[in-house]
Amino acid sequence: MEQKLHIYNTLSRQKEAFEPITPGRVGLYVCGPTVYGDPHLGHARPAITFDLLSRFLSYARYKVRYVRNITDVGHLENDADEGEDKIAKKAKLEELEPMEVVQYYTERYHDYMKMLNVKSPSIEPRASGHIIEQIQVIKSILEKGYAYESNGSVYFNVKKYNEDHPYGILSGRKIEDLINNTRELDGQSEKRDSLDFALWKKASPEHIMRWPSEWSDGFPGWHLECSAMSKKYLGEQFDIHGGGMDLLFPHHECEIAQSTVDNGKIPAKYWMHNNMITIGGQKMGKSLGNFITLEQFFTGQHEKLEKEYSPMTIRFFILQAHYRSTLDFGNDALQAAEKGLNRLSEAMENMENIVASNTSDVDVISLKDKCYSAIADDLNSPILIAHLFDAVKTINSLLDGKISIDEDSLVELKNIMHVYVEDILGLSLNSDKSEDSNSKMDDVMQLLLNMRTEAKQNKDWATADKIRDELQNLGFVIKDGAEGASWELK
RNA sequence: GGUUCCUUGGCCGAGUGGCUUAGGCACUGGUCUGCAAAACCAGGUACGGCGGUUCGAAUCCGCCAGGAACCUCCA
């Protein structure tokens with residue numbers, strides 16, 4: 001009995017049975033990266049979490065449209081009035097065109113996501129490519145009376161919104177508390193209220209990224225792109241909206257307010273938030289400067305890293321924790337993950353050698369059900385992995401001949417392992433291994449060749465020839481050159 | 001200060017009322033091995049503190065201690 005998918009909905013703060021708006025189809029929108037820096041471990045978490053979700057939904061025979069944006073405009077550095085566009089700031093710093101920066105970091109992001117075996121979303125829209133759509137949303141909000149223009153900028157009127165719709169339903173914040181506790185920022189004279197947020201910002205003279213509009217030459221506000229692009233590609237209301245917990249407030253709260261005014265309904269039915277990756281108990285993030293980039297993980301080039309960690313180790317490390325828990329970075333934990341993954345990988349390889357018999361001690365149906373239930377229960381990948389390790393134990397016992405399995409069950413067992421390890425968890429074990437063995441191969445061959453050279457120096461021709469002939473039998477060609485021996489395949 | 005949340009064995013990390021020995025890593029013992037390594041098998045340790053609800057709590061409630069995220073861009 002396969003149980004229904006349940007997901008934890010931040011809106012209700014509980015697990016809910018998943019019911020798609022349109023039967024058989026799922027619209028999924030996830031907040032992607034702001035491309036002004038190298039992708040770090042924190043970026044890997046939502047990418048892998050929602051990759052897992054979309055892989056599982058596909059396995060459960062849903063047709064998924066997964067939209068993940070690239071933020072390349074509009075996020076301000078400090079506050080609304082004195083901030084600079086993050087992308088523009090970096091561009092000035094490095095004397096590059098803003099779009100050059102965007103291009104570079106977008107490609108970096110893609111490269112590293114690919115290494116982590118994160119599938120590309122169905123659509124990856126850029127904020128800068130949807131200025132017109134964003135302006136339309138602003139017009140709609142202005143027409144409905146929930147925004148006002150001030151000195152070339154347009155602001156969302158939070159207090160007015162709160163009179164008709166509760167503001168803060170996602171984050172659990174009360175507007176009274178926000179009024180009392182919101183810090184007074186400098187230069188807020190344009191805004192009627194400190195809670196109001198920008199929909200359109202007039203660009204200062206030195207601001208490079210700007211677009212014309214009826215209000216001013218400027219750029220869209222912080223939260224607008226997700227409202228505009230999710231509406232364009234998924235409709236006024238779609239199934240699941242995902243992102244990091246740090247985006248819950250104000251980003252997603254503002255998104256709800258904007259879309260609710262624009263379309264008269266909350267944009268997404270389910271809101272999912274992955275927790276943070278921490279380092280020394282603190283959030284790993286750009287602003288704290290305590291992040292380790294994925295490149296540094298893969299090469300080991302960082303003072304906090306004892307060694308390099310493969311992309312699949314990183315992926316497995318993240319999947320070993322539930323997405324709603326914080327996950328603390330640590331060398332011990334990473335090395336434990338690496339070894340565990342290796343054990344899983346060996347079992348995957350060795351299970352091909354299992355010989356079926358007439359009887360079976362293995363309950364593959366139960367295994368299959370347990371795996372499905374685990375992931376259907378709010379993407380409980382740690383439980384799934386625990387079941388898979390139970391299967392590893394079974395596989396090893398089968399190889400030892402301690403228990404037996406019939407042909408049908410064996411086929412099913414292999415199928416379950418491939419589906420859950422490779423298709424759903426997205427662990428690409430073989431490619432990782434072959435890369436690794438390729439690099440090791442050279443070392444091994446060098447060792448053999450050195451032994452042969454030694455033998456030759458000792459005039460031990462029998463041994464030298466034996467090494468050469470045996471290697472030739474295995475398909476290696478030994479080439480004796482002036483600078484020593486080398487080898488080639490075939 | 002406000003909002004939300006966390007505290008599990010040597011480490012990481014699941015579990016939300018009654019046998020889950022969760023799982024991984026480490027550790028100990030065994031098998032294998034000329035020896036070793038690897039591999040495999042087996043085994044132990046836990047629920048921040050105090051009080052309450054309950055026949056029964058790691059799991060529910062209260063208080064205390066410690067920690068985190070958000071309240072400003074952030075995955």
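Each chain gets a letter, A, B and so on, in the order the sequences are listed, and its residues count up from 1. Source: prediction; values computed, not measured.
For residues 329-338 of chain A, the set of pairs meeting the side chain to side chain donor-acceptor pair (under 3.5 Å) definition, not counting sequence neighbours, comprises A/E306-A/Q335, A/K307-A/E338, A/Y309-A/N331, A/Y309-A/Q335. Identified under the side chain to side chain donor-acceptor pair (under 3.5 Å) test for residues 390-401 of chain A, with sequence neighbours left out: none.
Taking atom CG of A/L288 as the reference point, atom C1' of B/A69 lies 11 Å away to the nearest angstrom.
Paired regions of RNA chain B, where each region holds three or more successive Watson-Crick or G-U pairs whose two hydrogen-bonding distances fall under 3.5 Å, are B:1-7 with B:65-71, B:10-12 with B:23-25, B:27-31 with B:39-43, B:48-52 with B:60-64.
Residues of residues 328-336 of chain A having a heavy atom closer than 4.0 Å to RNA chain B, listed by number: A/D328, A/A333, A/A336.
Here A/D51 pairs with A/R55, A/R315 under the salt bridge (charged side-chain N to carboxylate O under 4.0 Å, His left out) rule; sequence neighbours left out. Evaluation of the ring-ring contact (aromatic ring centres under 6.0 Å, His included) rule for A/F197 yields A/F156, A/H223 as partners, not counting sequence neighbours. With sequence neighbours left out, the ring-ring contact (aromatic ring centres under 6.0 Å, His included) criterion links A/Y233 to A/H130. Residues satisfying the salt bridge (charged side-chain N to carboxylate O under 4.0 Å, His left out) criterion with A/K174, sequence neighbours excluded, are absent altogether. Under the ring-ring contact (aromatic ring centres under 6.0 Å, His included) criterion, A/F389 pairs with no residue at all, not counting sequence neighbours. Take A/F298 and apply the ring-ring contact (aromatic ring centres under 6.0 Å, His included) test, not counting sequence neighbours, and it matches A/Y112.
Taking atom C1' on both nucleotides, B/A38 is separated from B/U31 by 14 Å, rounded to a whole Å.
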Per-nt protein contacts along nucleotides 27-37 of chain B (heavy atom under 4.0 Å; B base, S backbone sugar-phosphate only, - none) come out as -----------
Under 3.5 Å between N/O atoms: give me all the protein pairs with nucleotides 38-43 of chain B, atom names plus distance.
{"unit_1": "B/C40", "atom_1": "O2'", "unit_2": "A/D400", "atom_2": "OD2", "d": "2.9"}

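A/H43 contributes atom NE2, which lies 9.0 Å from atom CZ of A/F291 (distance to the nearest 0.5 angstrom).
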